[in-house]
Amino acid sequence: MNIDDYLGLPYTIELTPDHDDDGRTGWVAEVEELPGCITQVDALDELEASIRDAMTAWISVALEDGRDIPAPRSEQSYSGRFLLRLPKSLHGDLAHEAEREGVSLNQLVTSMLAASVGWHHRLRETA
């Protein structure tokens with residue numbers, strides 16, 4: 001694959017507001033699958049070109065160095081299931097809390113995990 005092929009893949013871009021000391025807001029964009037591939041812009045209309053430049057540079061160096069380039073993560077590649085082992089006492093506490101809230105243990109834990117990573121509030125785009 002060449003650089004353009006990689007740039008056409010649906011990589012995940014995490015966009016974070018960046019406030020300076022003067023109260024101006026800029027943006028930091030990072031490609032989650034490409035460690036260290038990051039850019040900073042003053043305005044959103046600069047983002048597309050800037051992240052494309054950062055990705056081009058990152059991928060170029062990786063190709064020159066003979067490193068593997070990670071594939072984009074696809075939400076479809078996750079089953080939505082995972083096995084978690086935890087202390088019996090924590091399991092009991094969570095089960096009691098779910099019962100108190102009138103929800104299933106699965107609903108309670110899913111809600112807690114989503115809140116802890118800001119899942120519903122995170123601004124994410126795909127390049």
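By convention here, the first residue in the shown sequence is residue 1.
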> Rounded to the nearest 0.5 Å, what separation is found between the CE atom of M55 and the CG atom of L34?
Replying inline: 5.5 Å
>> The criterion is salt bridge (charged side-chain N to carboxylate O under 4.0 Å, His left out); which residues satisfy it with E33, sequence neighbours excluded?
In response: none
>> For R67, give me all partners under side chain to side chain donor-acceptor pair (under 3.5 Å), at least two apart in sequence or on another chain.
In response: none
> Out of curiosity, M1 CE to I69 CD1, how far, rounded to the nearest 0.5 Å?
Replying inline: 8.0 Å
> About how many Å separate CG of L84 and CG of L113, when rounded to the nearest 0.5 Å?
Replying inline: 8.0 Å
> Same hydrophobic cluster for L83 and L94, using side-chain heavy-atom links shorter than 4.5 Å among ILVMFWY?
Replying inline: no
> Any idea which heavy atoms bring P72 and P10 closest together, and the distance?
Replying inline: CB-O, 3.3 Å
> In chain order, what residues pass the side chain to side chain donor-acceptor pair (under 3.5 Å) check against S50, with sequence neighbours excluded?
Replying inline: T39
>> If you compare all heavy atoms of A54 against all heavy atoms of I38, which two are closest, and at what distance to 0.1 Å?
In response: CB-O, 3.9 Å
>> So, taking the atom named CD1 in I59 and the one named CG in L7, what distance separates them when rounded to the nearest 0.5 Å?
In response: 4.5 Å
>> Grouping I, L, V, M, F, W and Y whenever their side-chain heavy atoms are under 4.5 Å apart, do V61 and V31 come out in a common cluster?
In response: no
> Which heavy-atom pair separates Y11 from Y6 by the least distance, and what is that distance?
Replying inline: CE1-O, 3.3 Å
> Side chain of T56, backbone of R52: donor and acceptor closer than 3.5 Å?
Replying inline: yes
>> Show the nearest heavy-atom pair for residues E46 and D42, with the distance to one decimal.
In response: OE1-N, 3.1 Å
> At their closest point, which heavy atom of W58 faces which heavy atom of P70, and how far apart are they?
Replying inline: CH2-CD, 3.9 Å
> CG of L15 to CG of L47: how many Å apart, nearest 0.5 Å?
Replying inline: 5.5 Å
>> Count I, L, V, M, F, W, Y as connected when their side-chain heavy atoms are under 4.5 Å apart, and connections chain through other members. Are V109 and V103 then in the same cluster?
In response: yes
> Heavy-atom count around E97 CD within 6.0 Å, excluding the residue itself: above 12?
Replying inline: yes
> Distance from L108 atom CG to E99 atom CD, nearest 0.5 Å?
Replying inline: 12.0 Å
> Is the number of heavy atoms from other residues, nucleotides or ligands within 6.0 Å of CG (D68) greater than 12?
Replying inline: no
> With a 4.5 Å heavy-atom cut-off, do H91 and L105 have their side chains touching?
Replying inline: yes
